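Take a look at the following structure, please.
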2 protein chains.
Amino acid sequence: MTQKQEHLSKNQQIVLNLIEKAKGPLKAYSILYNVQKRGIKAPLQVYRALEKLIEIGKIHKIESKNAFIACKNSDCEISKATAFSICNNCEHVKEIKNSKLSKYLSNFEDNSGMKYKKYNLEFFGLCKICKLKQ
Amino acid sequence: MTQKQEHLSKNQQIVLNLIEKAKGPLKAYSILYNVQKRGIKAPLQVYRALEKLIEIGKIHKIESKNAFIACKNSDCEISKATAFSICNNCEHVKEIKNSKLSKYLSNFEDNSGMKYKKYNLEFFGLCKICKLKQ
DNA sequence: ATAACAAACGTTATATTATAACAAATTAAG
DNA sequence: CTTAATTTGTTATAATATAACGTTTGTTAT
Ligand SMILES: [Zn+2]
Ligand SMILES: [Zn+2]
Ligand SMILES: [Zn+2]
Ligand SMILES: [Zn+2]
C-alpha cells in the first residue's frame with residue numbers, strides 16, 4: 001500500500017478536486033476564482049489548503065511558475081523528490097517518473113559533505129508537439 | 001576562453017557588484033534598498049538589471065527563494081544548467097559544481113521524447129555546520 | 001557625421017503572489 | 001465530556017513582479 005490516505009478537510013478537498021481535474025498547473029488566484037462558488041472567499045483559505053496538500057504529497061509546486069499541479073505518482077515520497085518537464089512554448093508541465101533519475105538524485109552527494117533530504121528539478125525545453133510545429 | 005565578457009550598463013554593473021560581494025542570495029527589494037544610494041530608485045530598474053544578468057549567466061535565480069546569487073562557475077552555459085544546495089536551517093545556498101551531475105542531467109531523456117535545453121535543480125538539507133548543531 | 005535602430009533608462013502606476021493577526025468553529029484524543 | 005489541535009473565516013497588509021510611456025544612450029551603416 002504505497003498510497004497515503006489522509007483525511008482531507010472541506011477546503012483541502014475542494015482545492016484538490018480542482019487541481020486534480022485540471023489539465024495543467026494552476027495558479028493560486030486562479031484556484032481562488034474557481035472555488036468561490038464553493039464558498040472559499042479569501043486567498044488565505046486557498047494558500048492554507050495548498051500548504052497542507054503539498055505537505056502530504058498530493059500536489060507539488062512548480063517553483064518557476066508559482067503554480068500547483070496534482071501528483072500523479074503514487075510513490076513520490078511525500079514531495080521530497082520531484083522532477084518536472086516544462087515546455088517553454090505551450091507551458092505543458094509533466095511530472096517525470098523515472099526511477100533511475102530519482103535514485104541518482106536521492107543518492108547524490110557533493111564534496112560539501114551535505115546529505116540532501118529533498119530536491120526539486122525542473123527541466124525546460126520543447127515538448128514533442130511544439131517541436132514539430134517549429 | 002570560457003569567460004564570457006559582456007559590456008554591462010551602469011545599473012547592471014551596480015546590481016552585479018552588490019550581488020557578487022554578498023555572502024548569500026539577495027532578494028530584489030533588498031537589492032533595491034541597497035542600491036538607492038547609487039541612484040537606482042525603482043523596482044523596475046532592479047528587475048531589468050536582474051533579467052539581463054541572468055540572461056548572460058552572471059547571476060542565477062534561486063526559484064524556491066525568489067532570490068538572486070552570483071554565478072561562481074565560469075562555465076555555467078549561460079545559466080542553462082544550474083544546481084544548488086540549500087540549507088533548510090541557515091539558508092546557506094551554494095552552487096553545485098559537479099561535472100558528472102551536469103553531464104548526467106544535460107543528457108537526460110525521458111520516455112516523452114522531449115529533449116531538454118535547460119534545467120534547474122535545487123537540493124535541500126542541512127549543511128555541515130547545521131548538522132553538527134542538531 | 002548623421003540617420004536609423006536597438007538597448008537601456010526613468011517614472012508612475014498597477015498586477016500578482018503570499019502572509020500576519022486574531023477570533024470562532026470543528027475535529028481528534030484522552 | 002473536556003482538552004488540545006487543527007481548520008476556518010475575515011480583514012488587512014506585505015512581498016514580488018510587470019505594464020505602459022516617453023526619453024536617453026549606444027551601435028551600426030551609409
Ligand atoms: Zn509527485
Ligand atoms: Zn509544448
Ligand atoms: Zn552558475
Ligand atoms: Zn546550515
Side-chain angles (χ1 to χ4, degrees), chain A residues 4-19 22 24-69 78-79 86 91 93 120 122, chain B residues 4-19 22 24-69 78-79 86 91 93 120 122:
Chain A
K4 171 148 185 173
Q5 193 54 38
E6 295 260 355
H7 174 72
L8 296 181
S9 76
K10 193 190 95 209
N11 287 358
Q12 289 158 11
Q13 192 63 63
I14 291 170
V15 170
L16 180 58
N17 285 346
L18 184 72
I19 296 178
L26 297 179
K27 307 207 133 206
Y29 277 73
S30 141
I31 292 169
L32 175 59
Y33 300 137
N34 279 284
V35 297
Q36 283 183 330
K37 67 193 75 152
R38 306 201 103 74
I40 293 179
K41 288 174 185 155
L44 198 44
Q45 296 175 285
V46 171
Y47 279 104
R48 287 199 280 227
L50 290 172
E51 182 183 34
K52 181 68 179 212
L53 292 169
I54 288 170
E55 192 186 312
I56 65 177
K58 291 287 189 186
I59 66 171
H60 304 300
K61 181 173 185 180
I62 310 297
E63 293 285 356
S64 62
K65 297 198 169 299
N66 298 316
F68 305 86
I69 192 170
I78 321 285
S79 70
I86 302 170
E91 309 243 307
V93 174
N120 179 54
E122 298 182 6
Chain B
K4 172 148 183 172
Q5 193 55 36
E6 294 262 354
H7 173 73
L8 296 180
S9 74
K10 193 190 96 209
N11 288 359
Q12 290 158 11
Q13 193 63 63
I14 290 170
V15 170
L16 179 58
N17 285 348
L18 184 73
I19 296 177
L26 297 179
K27 307 208 133 206
Y29 276 72
S30 141
I31 292 169
L32 176 58
Y33 299 138
N34 279 285
V35 296
Q36 283 183 332
K37 66 193 73 152
R38 306 201 104 72
I40 292 180
K41 287 174 185 154
L44 198 43
Q45 297 175 284
V46 172
Y47 280 104
R48 287 200 278 227
L50 290 172
E51 183 182 33
K52 181 68 181 211
L53 292 169
I54 288 170
E55 192 186 312
I56 64 177
K58 290 287 190 188
I59 66 172
H60 304 299
K61 181 173 185 181
I62 309 297
E63 292 285 356
S64 62
K65 296 197 169 301
N66 297 317
F68 305 86
I69 192 170
I78 320 284
S79 72
I86 302 170
E91 310 243 307
V93 174
N120 179 54
E122 299 182 6

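Keep in mind it's a predicted model, so treat the numbers as computed, not measured. So you know, we letter chains A, B, ... as the sequences are listed, proteins then strands, and number each from 1. Atoms considered below: every heavy atom in the structure, side chains included; atoms not considered: hydrogens, waters and symmetry mates.
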**Asked** B:E55: what forms a salt bridge (Lys or Arg N to Asp or Glu O under 4.0 Å) with it, not counting sequence neighbours?
**Response**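 Applying salt bridge (Lys or Arg N to Asp or Glu O under 4.0 Å) to B:E55 gives none.
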I'd like to check the salt bridge (Lys or Arg N to Asp or Glu O under 4.0 Å) partners of B:E51; sequence neighbours left out, ordered by chain and number.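 Applying salt bridge (Lys or Arg N to Asp or Glu O under 4.0 Å) to B:E51 gives none.
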With B for base contact, S for sugar-phosphate-only contact and - for none (protein heavy atoms under 4.0 Å), nucleotides 7-19 of chain C reads -SBBBB----BBB
task = Just do the side-chain contact (heavy atoms from CB on, under 4.5 Å) check on B:N11 and B:R48 with the steps written out, would you?
result = CA-CA 9 Å; B:N11 288 359; B:R48 287 200 278 227; over 6 Å; no
Query raised in the report: Under a criterion of less than 4.0 angstrom to any heavy atom of chain B, what are the 5'-terminal and 3'-terminal contacting nucleotides of DNA chain D?
Result: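 Range of nucleotides touched by chain B: D:dT16 to D:dA20.
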Q | Nearest heavy atoms of B:H60 and B:G57, plus distance in Å | A |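 Closest approach of B:H60 to B:G57, heavy atoms only: CE1-O, 4.3 Å.
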Check your understanding: Of all heavy-atom pairs between A:Q12 and A:L53, which one has the smallest distance, and what is that distance?
Key ->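 The answer is O-CD1, 3.7 Å.
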Minimum heavy-atom separation for A:F68 and A:I19, please, with both atom names.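 Shortest heavy-atom separation between A:F68 and A:I19 comes out as O-CG2, 3.9 Å.
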- Query: Any donor-acceptor pair under 3.5 Å linking the side chain of B:E122 with the backbone of B:S64?
  - Reply: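 Side chain of B:E122 to backbone of B:S64, a donor-acceptor pair under 3.5 Å: yes, one is there.
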Worksheet item: Is any side-chain N of the basic residue among B:E91 and B:K65 closer than 4.0 Å to the acidic one's carboxylate O?
Response: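 Salt bridge flag = yes for B:K65 with B:E91.
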Could you please spell out the steps behind the side-chain contact (heavy atoms from CB on, under 4.5 Å) verdict for A:I59 and A:V15?
CA-CA 10 Å; A:I59 66 171; A:V15 170; 5.8 Å; no
Applying the Watson-Crick and G-U criteria (both distances under 3.5 angstrom) with [ ] for crossing and | for other-strand pairs, one obtains for DNA chain D ||||||||||||||||||||||||||||||
In residues 28-38 of chain A, what donor-acceptor pairs under 3.5 Å come from side-chain atoms, sequence neighbours left out?
residue : atom : partner : partner atom : Å
A:N34   : ND2  : A:S30   : O            : 2.7

